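Shown next, in structure tokens, is the structure this report addresses.
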Amino acid sequence: NKLAKSQSGVENPYFDKNRENTVVYTHGLGTNRVEQGYRNTFNYKANDPKFGLDICTADAWIEQGWNVGIFYWDQFADEQNPFDAEAKIWTAESPKGMRYKLSDGQYHKENLPPSACVSDMLVIHLAAALGTYTGSIRLAGHALGAQVMLRVARLIFDKVEKGKLPMNLTPRRIALLDPFFSRKMPVVNPQKFMKNNFSVAVKCFHYTKYMREKGVLFELYRTSIMGSASWPHADPNTDLCELVALAEIGADYIPVYETQSRHLACPNIYFHSLSAPPPAVYNGETRAEGVIAPSASSSDAEIYAYMQDSKVQKFVQSHGRESFSLKFRGFSLRSCAPRDLLEEATSKSKQIAGDLAEKSKAQLNVAQSKTLELAEASKVKMEAAQVQTLKMAHRFQTRWSQWRIQAAEPRSEAPKAADSMSSANVATKAALQSIMGDFLWSTKEPTAKPGTPEQSDSDAKVATSDAKFDTSAQVDQAAKKEDASESAAEAPEGKSTEETAAPTEDAELSTESK
């Protein structure tokens with residue numbers, strides 16, 4: 001298409017004030033577009049060389065007798081951060097001001113209208129270009145351009161009410177094409193340029209509500225997630241969506257990961273849709289008679305009817321999503337919960353969650369109480385076990401002490417018995433010392449005692465064997481020998497030495513036998 005710049009006081013060859021309908025379109029963010037020498041057009045291929053078709057979407061409008069205009073603010077929209085470009089829509093006093101970029105890649109601020117933001121500039125251009133035009137005016141904005149058109153329309157109404165502009169300049173219909181509203185966030189995006197602490201999303205909602213009451217028609221189309229809650233830093237503006245005719249367009253001929261291309265598809269699909277009747281509505285695979293979906297070709301009456309049901313239903317493309325062609329397009333109606341039902345459901349959910357929380361708390365208290373009871377019972381059992389253990393230890397200690405005393409008493413009497421032997425019982429004393437000594441050395445190898453002859457093998461065997469006897473038994477045997485010796489000492493002198501020594505031999509034999 002050929003374009004001719006609108007100039008105040010100069011008649012434009014491509015604008016006919018006698019035409020019944022006029023559409024004015026504006027774009028959104030244009031990062032690095034100025035340096036690339038690119039400007040948004042109505043040619044889909046030029047807008048998206050990768051997925052676009054070589055179709056001029058404005059042709060159908062011109063053929064049907066429309067005035068078609070486009071407002072370029074691309075030099076202001078060329079920002080790396082979309083928040084900086086967004087601020088220029090609302091104020092000239094943002095941190096970046098109203099700087100604009102030239103083809104050299106540098107920003108400039110010369111020759112700017114005093115205190116004029118992007119919206120103010122478009123109002124001035126529209127008033128100069130349309131003048132006394134009395135036809136129907138439709139505004140269409142893509143992405144950030146949707147905010148531009150909402151702000152411009154509201155400013156026109158304000159000026160009309162103040163008598164600064166004629167009533168004929170107020171728009172009849174506004175199309176929001178995959179709109180983007182940034183989310184207000186501390187530090188990252190505080191939106192301090194907004195008055196009364198509003199966010200841009202809330203302000204646009206109020207604008208829409210006000211102008212809807214004034215009879216303005218609204219339609220909103222989405223082709224990507226860029227303006228939804230799934231997109232970082234985006235405000236889905238669900239309140240505004242309840243005031244408009246809402247349709248979700250499928251663009252499955254573009255891969256889902258090509259978000260930017262899906263985003264760019266929206267204005268191209270919208271302007272192209274005027275070339276065909278509004279798409280049909282299907283219930284599954286059955287076409288619903290007499291029901292159609294929103295489109296650029298929908299009449300004002302149809303858009304108005306869709307707006308009345310926007311709180312309970314929306315249109316979602318179900319047929320022809322894989323192609324840019326309009327021939328097989330079809331939509332299905334999807335239910336949207338009204339706000340009052342949504343609030344009621346939210347309230348019930350909160351109540352259920354609260355009840356579950358209370359129930360869980362009560363169960364937790366019961367469990368804690370049972371745990372404490374079990375802990376107390378375990379403590380009592382443990383204390384009882386400790387007492388029992390102490391008693392058993394005491395009993396063992398007592399028995400051990402008694403056994404040691406019993407074991408120690410014979411050991412202390414044995415030497416006394418040996419020392420009290422008379423000189424007449426030398427053989428018995430030697431035998432007793434031999435037994436006692438062998439017992440004590442039983443854990444060592446048999447060795448010769450100092451000052452005595454080496455033991456024979458038979459003596460070693462006896463010593464090894466005798467070492468198995470209990471000490472008390474050996475002491476008792478020694479005591480018997482002592483008694484025998486004392487009896488022999490008291491015998492009459494007439495008896496021979498052999499008779500006197502006989503008991504000693506018996507004692508030795510007795511000891512060996514044991």
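Here the structure is a predicted model, which is why all the values come from computation and not from measurement.
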Given 3.5 Å as the limit, does a donor-acceptor pair link the side chain of Tyr304 with the main chain of Val216, or not?
no
Among Arg39, Lys101, Lys88, which residue meets the salt bridge (Lys or Arg N to Asp or Glu O under 4.0 Å) test with Asp74?
Arg39
Under 30°, 30 to 60°, or over 60°: which ring-plane class applies to Phe271 and Trp61, parallel, tilted or perpendicular?
tilted
Non-neighbouring partners of Gln106 that pass side chain to side chain contact (heavy atoms under 4.5 Å, CB included), sequence neighbours left out:
Asp104, His108
Should Lys17 and Glu11 count as an ion pair when the cut-off is N to O under 4.0 Å?
no
Stepwise side-chain contact (heavy atoms from CB on, under 4.5 Å) check, Leu102 with Val34:
CA-CA 7 Å; Leu102 296 180; Val34 174; 5.5 Å; no
Check the orientation of Tyr72 and His27. Use parallel for under 30°, tilted for 30 to 60°, and perpendicular for over 60°.
tilted
Could you grab the distance from atom OG1 of Thr208 to atom CD of Glu213, nearest 0.5 Å is fine?
11.0 Å
Under 30°, 30 to 60°, or over 60°: which ring-plane class applies to Phe42 and Tyr25, parallel, tilted or perpendicular?
tilted
Name the atoms and distances for all side-chain donor-acceptor pairs under 3.5 Å in residues 199-206, with sequence neighbours left out.
{"unit_1": "Ser199", "atom_1": "OG", "unit_2": "Val202", "atom_2": "N", "d": "3.2"}

Does the ring centre of Tyr44 sit less than 6.0 Å away from the ring centre of His272?
no
Measure from NZ or CZ of Arg154 to the centre of the six-membered ring of Tyr210 and say whether it is under 6.0 Å with the direction within 45° of the ring axis.
yes
